[in-house]
Amino acid sequence: MLFEPRSGRLAAWGNALLAGLVSPDEAVSSIVGEDAVHRVVGVPPAKRGGGLPGESGPVGLTLALGRLRALGVSGLRVALPAPGHPLGLSGPPEFNARALEAEEAVVAVGAALGLVPEVTEAGPAPGDLHVSVTWHCLPVREAPPADVPSLGEAERELAEALREATVVLTRLDVAGSGPVAEPALSAYRARAEAGREVLAPGYPPRAVRVLALAQRVDLLVSLAYEHGPGGAVAASEMAARAEALRPVERVARRAMVAAYNAAVEERERG
(Lines give C-alpha, C1' and ligand atoms only; values in the text may rest on other atoms or scores of the structure.)
Protein backbone atom coordinates (compact mmCIF):
# COMPACT_ATOMS: atom_id res chain seq x y z
CA MET A 1 0.00 0.00 0.00
CA LEU A 2 1.01 3.64 -0.24
CA PHE A 3 3.28 4.96 2.52
CA GLU A 4 1.35 8.26 2.54
CA PRO A 5 -2.04 7.59 0.92
CA ARG A 6 -3.50 10.44 -1.07
CA SER A 7 -6.80 9.78 0.65
CA GLY A 8 -5.05 10.59 3.94
CA ARG A 9 -3.82 13.94 2.67
CA LEU A 10 -7.26 14.79 1.25
CA ALA A 11 -9.06 13.85 4.46
CA ALA A 12 -6.56 15.52 6.82
CA TRP A 13 -6.34 18.86 5.03
CA GLY A 14 -9.98 18.74 3.98
CA ASN A 15 -10.92 18.38 7.66
CA ALA A 16 -8.69 21.31 8.56
CA LEU A 17 -10.34 23.42 5.86
CA LEU A 18 -13.87 22.41 6.92
CA ALA A 19 -12.98 23.36 10.50
CA GLY A 20 -11.74 26.78 9.37
CA LEU A 21 -8.16 26.12 10.48
CA VAL A 22 -6.47 26.60 7.08
CA SER A 23 -7.19 28.55 3.91
CA PRO A 24 -8.41 26.86 0.72
CA ASP A 25 -5.08 27.55 -0.97
CA GLU A 26 -3.09 25.98 1.88
CA ALA A 27 -5.34 22.95 1.99
CA VAL A 28 -5.22 22.31 -1.75
CA SER A 29 -1.45 22.84 -1.93
CA SER A 30 -0.92 20.30 0.85
CA ILE A 31 -3.30 17.77 -0.70
CA VAL A 32 -1.71 17.98 -4.16
CA GLY A 33 1.83 17.81 -2.77
CA GLU A 34 4.27 16.79 -5.49
CA ASP A 35 1.54 15.77 -7.94
CA ALA A 36 0.86 17.95 -10.96
CA VAL A 37 -2.90 18.33 -10.65
CA HIS A 38 -5.97 16.92 -8.87
CA ARG A 39 -9.48 16.97 -10.35
CA VAL A 40 -12.85 15.73 -9.11
CA VAL A 41 -15.24 14.08 -11.57
CA GLY A 42 -18.25 11.80 -11.67
CA VAL A 43 -18.39 8.35 -13.17
CA PRO A 44 -20.03 7.77 -16.57
CA PRO A 45 -23.84 7.42 -16.49
CA ALA A 46 -23.45 3.82 -17.62
CA LYS A 47 -21.72 3.15 -14.30
CA ARG A 48 -24.88 4.06 -12.32
CA GLY A 49 -24.43 7.76 -11.89
CA GLY A 50 -22.33 9.56 -9.33
CA GLY A 51 -20.49 12.78 -9.69
CA LEU A 52 -20.17 15.90 -7.61
CA PRO A 53 -23.69 17.31 -7.17
CA GLY A 54 -24.12 20.65 -8.85
CA GLU A 55 -21.24 20.13 -11.29
CA SER A 56 -21.50 18.63 -14.78
CA GLY A 57 -17.79 18.13 -15.48
CA PRO A 58 -14.35 17.94 -13.87
CA VAL A 59 -13.60 20.59 -11.26
CA GLY A 60 -10.56 21.55 -9.24
CA LEU A 61 -10.10 20.69 -5.58
CA THR A 62 -10.88 24.21 -4.35
CA LEU A 63 -14.29 24.23 -5.99
CA ALA A 64 -14.94 20.58 -5.07
CA LEU A 65 -14.21 21.13 -1.36
CA GLY A 66 -16.37 24.25 -1.37
CA ARG A 67 -19.19 22.32 -3.02
CA LEU A 68 -18.93 19.53 -0.43
CA ARG A 69 -19.15 22.10 2.38
CA ALA A 70 -22.26 23.62 0.76
CA LEU A 71 -23.81 20.14 0.61
CA GLY A 72 -23.47 19.81 4.38
CA VAL A 73 -20.24 17.83 4.60
CA SER A 74 -18.74 18.37 8.05
CA GLY A 75 -15.79 15.98 7.86
CA LEU A 76 -13.90 13.43 5.79
CA ARG A 77 -12.96 9.87 6.75
CA VAL A 78 -10.36 7.56 5.21
CA ALA A 79 -10.78 3.97 4.04
CA LEU A 80 -7.76 1.75 3.29
CA PRO A 81 -9.29 -1.56 2.15
CA ALA A 82 -7.43 -4.68 1.10
CA PRO A 83 -8.68 -8.05 -0.19
CA GLY A 84 -10.71 -9.64 2.58
CA HIS A 85 -10.51 -6.51 4.73
CA PRO A 86 -12.97 -3.69 3.80
CA LEU A 87 -11.33 -1.30 6.27
CA GLY A 88 -13.31 1.94 6.53
CA LEU A 89 -15.94 1.06 3.90
CA SER A 90 -19.71 0.97 4.32
CA GLY A 91 -20.95 0.22 0.78
CA PRO A 92 -22.60 0.07 -1.64
CA PRO A 93 -20.80 -2.66 -3.64
CA GLU A 94 -19.98 -0.33 -6.56
CA PHE A 95 -18.11 2.10 -4.32
CA ASN A 96 -16.43 -0.68 -2.36
CA ALA A 97 -15.16 -2.30 -5.58
CA ARG A 98 -13.59 0.95 -6.80
CA ALA A 99 -12.06 1.66 -3.40
CA LEU A 100 -10.65 -1.86 -3.17
CA GLU A 101 -9.07 -1.51 -6.62
CA ALA A 102 -7.45 1.80 -5.60
CA GLU A 103 -6.68 0.47 -2.07
CA GLU A 104 -7.97 3.74 -0.63
CA ALA A 105 -10.92 6.13 -0.55
CA VAL A 106 -12.40 9.11 1.28
CA VAL A 107 -15.93 9.05 2.70
CA ALA A 108 -17.79 12.27 3.47
CA VAL A 109 -19.56 12.87 6.78
CA GLY A 110 -22.87 14.70 6.37
CA ALA A 111 -23.54 13.70 2.76
CA ALA A 112 -23.75 10.24 1.21
CA LEU A 113 -20.71 10.73 -1.02
CA GLY A 114 -17.29 9.16 -1.37
CA LEU A 115 -14.16 9.89 -3.40
CA VAL A 116 -11.85 7.31 -4.95
CA PRO A 117 -8.53 8.37 -6.55
CA GLU A 118 -7.30 7.29 -9.97
CA VAL A 119 -3.61 8.06 -10.48
CA THR A 120 -2.14 8.62 -13.95
CA GLU A 121 1.62 8.85 -14.51
CA ALA A 122 3.35 9.99 -17.69
CA GLY A 123 6.97 10.84 -18.35
CA PRO A 124 10.28 9.67 -19.76
CA ALA A 125 11.69 8.19 -16.54
CA PRO A 126 10.65 7.17 -13.00
CA GLY A 127 12.21 10.31 -11.56
CA ASP A 128 10.62 12.62 -14.13
CA LEU A 129 6.92 11.84 -14.06
CA HIS A 130 3.85 14.02 -14.52
CA VAL A 131 1.36 12.68 -11.98
CA SER A 132 -2.30 13.61 -12.19
CA VAL A 133 -5.02 12.41 -9.83
CA THR A 134 -8.69 12.11 -10.70
CA TRP A 135 -11.05 11.74 -7.75
CA HIS A 136 -14.21 9.88 -8.74
CA CYS A 137 -17.17 11.07 -6.68
CA LEU A 138 -19.70 8.30 -6.00
CA PRO A 139 -22.70 7.67 -3.76
CA VAL A 140 -22.01 5.77 -0.54
CA ARG A 141 -24.15 4.07 2.05
CA GLU A 142 -24.56 6.03 5.26
CA ALA A 143 -23.55 3.40 7.79
CA PRO A 144 -20.74 2.84 10.31
CA PRO A 145 -17.42 2.16 8.55
CA ALA A 146 -16.04 -1.37 8.73
CA ASP A 147 -13.42 -2.38 11.32
CA VAL A 148 -12.13 1.07 12.31
CA PRO A 149 -10.61 1.10 15.83
CA SER A 150 -10.36 3.95 18.26
CA LEU A 151 -7.01 5.71 18.58
CA GLY A 152 -6.33 3.97 21.87
CA GLU A 153 -7.13 0.54 20.45
CA ALA A 154 -4.99 1.22 17.38
CA GLU A 155 -1.99 2.29 19.45
CA ARG A 156 -2.17 -0.78 21.67
CA GLU A 157 -2.63 -3.15 18.71
CA LEU A 158 0.29 -1.59 16.87
CA ALA A 159 2.68 -1.89 19.81
CA GLU A 160 1.70 -5.51 20.47
CA ALA A 161 1.88 -6.59 16.82
CA LEU A 162 5.24 -4.89 16.37
CA ARG A 163 6.72 -6.68 19.41
CA GLU A 164 5.49 -10.08 18.24
CA ALA A 165 6.63 -9.62 14.65
CA THR A 166 10.05 -8.27 15.62
CA VAL A 167 10.91 -11.53 17.35
CA VAL A 168 10.12 -13.53 14.20
CA LEU A 169 11.63 -11.06 11.72
CA THR A 170 14.86 -10.75 13.70
CA ARG A 171 15.27 -14.52 13.68
CA LEU A 172 14.69 -14.54 9.90
CA ASP A 173 17.08 -11.60 9.35
CA VAL A 174 14.42 -9.30 7.86
CA ALA A 175 13.83 -6.93 10.74
CA GLY A 176 14.37 -3.81 8.65
CA SER A 177 18.15 -3.63 8.77
CA GLY A 178 20.97 -3.96 6.30
CA PRO A 179 22.24 -2.03 3.25
CA VAL A 180 18.85 -1.85 1.51
CA ALA A 181 16.75 -0.85 4.49
CA GLU A 182 19.07 1.78 5.96
CA PRO A 183 18.80 4.38 3.11
CA ALA A 184 15.00 4.16 3.21
CA LEU A 185 14.92 4.54 6.98
CA SER A 186 17.39 7.43 6.79
CA ALA A 187 15.19 9.17 4.23
CA TYR A 188 12.17 8.66 6.51
CA ARG A 189 14.02 10.18 9.46
CA ALA A 190 15.21 13.11 7.34
CA ARG A 191 11.63 13.92 6.30
CA ALA A 192 10.49 13.82 9.91
CA GLU A 193 13.39 15.96 11.14
CA ALA A 194 12.78 18.51 8.39
CA GLY A 195 9.54 19.43 10.15
CA ARG A 196 7.13 18.01 7.60
CA GLU A 197 3.65 17.92 9.10
CA VAL A 198 2.40 14.37 9.58
CA LEU A 199 -1.19 15.60 9.93
CA ALA A 200 -3.00 18.86 9.35
CA PRO A 201 -3.92 21.39 12.06
CA GLY A 202 -6.76 20.33 14.32
CA TYR A 203 -5.62 16.78 14.99
CA PRO A 204 -4.92 15.60 18.55
CA PRO A 205 -1.28 14.84 19.45
CA ARG A 206 -2.11 11.17 19.95
CA ALA A 207 -3.27 10.91 16.33
CA VAL A 208 0.03 12.39 15.14
CA ARG A 209 1.94 9.88 17.27
CA VAL A 210 -0.12 6.89 16.09
CA LEU A 211 0.15 7.87 12.42
CA ALA A 212 3.92 8.39 12.62
CA LEU A 213 4.40 4.95 14.19
CA ALA A 214 2.02 3.29 11.74
CA GLN A 215 3.85 4.85 8.78
CA ARG A 216 7.20 3.67 10.09
CA VAL A 217 5.87 0.15 10.66
CA ASP A 218 4.35 0.14 7.18
CA LEU A 219 7.70 1.17 5.71
CA LEU A 220 9.49 -1.65 7.52
CA VAL A 221 6.90 -4.17 6.32
CA SER A 222 7.29 -2.95 2.74
CA LEU A 223 11.08 -3.26 2.95
CA ALA A 224 10.81 -6.80 4.32
CA TYR A 225 8.46 -7.80 1.51
CA GLU A 226 10.30 -6.13 -1.34
CA HIS A 227 14.02 -6.58 -0.75
CA GLY A 228 14.90 -10.22 -0.72
CA PRO A 229 14.48 -12.99 1.80
CA GLY A 230 17.34 -12.00 4.13
CA GLY A 231 18.09 -15.09 6.16
CA ALA A 232 14.79 -16.74 5.24
CA VAL A 233 16.21 -19.01 2.56
CA ALA A 234 13.99 -22.02 3.18
CA ALA A 235 10.41 -22.09 1.90
CA SER A 236 9.15 -22.70 5.41
CA GLU A 237 11.07 -19.67 6.72
CA MET A 238 9.76 -17.47 3.90
CA ALA A 239 6.22 -18.61 4.77
CA ALA A 240 6.89 -17.75 8.41
CA ARG A 241 8.05 -14.29 7.37
CA ALA A 242 4.87 -13.67 5.36
CA GLU A 243 2.76 -14.96 8.23
CA ALA A 244 4.52 -12.60 10.65
CA LEU A 245 4.18 -9.59 8.35
CA ARG A 246 0.53 -10.00 7.37
CA PRO A 247 -1.06 -9.13 10.72
CA VAL A 248 1.40 -6.29 11.28
CA GLU A 249 0.50 -4.78 7.91
CA ARG A 250 -3.20 -5.09 8.73
CA VAL A 251 -2.75 -3.46 12.13
CA ALA A 252 -0.70 -0.62 10.59
CA ARG A 253 -3.48 0.11 8.10
CA ARG A 254 -6.07 0.09 10.90
CA ALA A 255 -3.91 2.52 12.88
CA MET A 256 -3.52 4.86 9.90
CA VAL A 257 -7.28 4.99 9.38
CA ALA A 258 -7.87 5.65 13.07
CA ALA A 259 -5.34 8.49 13.01
CA TYR A 260 -6.67 10.15 9.85
CA ASN A 261 -10.25 9.87 11.17
CA ALA A 262 -9.42 11.21 14.64
CA ALA A 263 -10.40 14.81 13.88
CA VAL A 264 -13.88 13.72 12.82
CA GLU A 265 -14.26 11.36 15.78
CA GLU A 266 -13.27 14.08 18.26
CA ARG A 267 -15.63 16.58 16.67
CA GLU A 268 -18.53 14.12 16.85
CA ARG A 269 -17.82 13.35 20.52
CA GLY A 270 -17.45 16.99 21.53
Side-chain angles (χ1 to χ4, degrees), residues 1-18 21-44 47 50-71 73 76-81 88 95 97-108 113-138 183-184 187-188 190-192 194-203 211 215 218-219 222 226 253 256-257 259-260:
M1 61 172 289
L2 294 170
F3 169 64
E4 185 183 31
R6 289 178 172 86
S7 57
R9 294 207 308 262
L10 175 58
W13 289 92
N15 283 329
L17 176 63
L18 291 169
L21 299 174
V22 297
S23 69
D25 286 347
E26 184 180 0
V28 170
S29 175
S30 299
I31 293 166
V32 173
E34 297 180 357
D35 299 333
V37 65
H38 284 220
R39 292 284 184 267
V40 180
V41 303
V43 296
K47 300 292 185 180
L52 188 65
E55 302 296 337
S56 59
V59 299
L61 276 179
T62 303
L63 179 56
L65 290 168
R67 178 68 66 187
L68 290 174
R69 187 204 296 269
L71 291 167
V73 172
L76 300 170
R77 287 191 171 102
V78 170
L80 297 177
F95 180 79
R98 278 182 173 261
L100 183 57
E101 183 179 359
E103 299 185 342
E104 59 176 315
V106 172
V107 178
L113 295 170
L115 298 159
V116 180
E118 179 184 357
V119 181
T120 303
E121 298 180 344
D128 187 20
L129 293 176
H130 179 282
V131 180
S132 61
V133 180
T134 301
W135 292 92
H136 296 276
C137 188
L138 300 155
Y188 173 84
R191 292 180 76 187
R196 177 182 164 274
E197 290 187 83
V198 177
L199 280 171
Y203 277 82
L211 181 59
Q215 288 177 327
D218 187 63
L219 174 62
S222 298
E226 294 171 6
R253 284 191 297 108
M256 285 187 191
V257 170
Y260 283 123

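Positions are given from 1, in the same order as the sequence printed here. Note that the structure is predicted; figures quoted are calculated from it, not measured.
A distance of 6.0 Å separates CG of Leu63 from CZ of Arg67, quoted to the nearest 0.5 Å. Atoms CG and CG, from Leu71 and Leu113 in turn, are 6.5 Å apart once rounded to the nearest 0.5 Å. One distance of note links CE of Met256 with CD of Glu104; it measures 11.0 Å at 0.5 Å rounding. Atoms CH2 and CG, on Trp13 and Leu76 in that order, are 14.0 Å from each other to the nearest 0.5 Å.
With hydrogens and angles ignored, the 3.5 Å screen pairs no side-chain donor or acceptor of Arg39 with any backbone N or O of Ser132. At least one donor-acceptor pair closer than 3.5 Å links the side chain of Arg253 to the backbone N or O of Leu80.
When each of Val28, Val133, Ile31 is tested with Leu10 by the rule side-chain contact (heavy atoms from CB on, under 4.5 Å), just one qualifies, namely Ile31. Checking Val41, Val40, Leu65 one by one against Val59, the side-chain contact (heavy atoms from CB on, under 4.5 Å) holds for a single residue, Val40.
Smallest separation of non-hydrogen atoms from Leu17 and Pro24: CD1-N, 3.6 Å. Scanning all heavy atoms of the two residues, the minimum distance from Pro201 to Ala16 falls at O-CB, 3.6 Å. Shown here for Ser7 and Ala79, the closest heavy-atom pair between the two residues is OG-O, 4.3 Å. Contact detail for Pro81 and Ala99: the closest heavy-atom pair is CG-O, 3.6 Å. Annotation for Phe95 and Leu115: closest pair CE1-N, 3.8 Å, computed over non-hydrogen atoms. Residues Tyr260 and Gln215 share a closest heavy-atom pair of OH-NE2, 3.9 Å.
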Margin query: Test side chain to side chain contact (heavy atoms under 4.5 Å, CB included) on Glu101 and Val116; report intermediate values, then the result.
Written below: CA-CA 9 Å; Glu101 183 179 359; Val116 180; over 6 Å; no
Next item on the list: Could you walk me through whether Asp35 and Arg9 pass side chain to side chain contact (heavy atoms under 4.5 Å, CB included), step by step?
Entry: CA-CA 12 Å; Asp35 299 333; Arg9 294 207 308 262; 3.4 Å; yes
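Thr120 places none of its side-chain heavy atoms less than 4.5 Å from the side chain of Thr134.
Side chains of Asn15 and Tyr203: a donor-acceptor N/O pair is present below 3.5 angstrom, by distance only.
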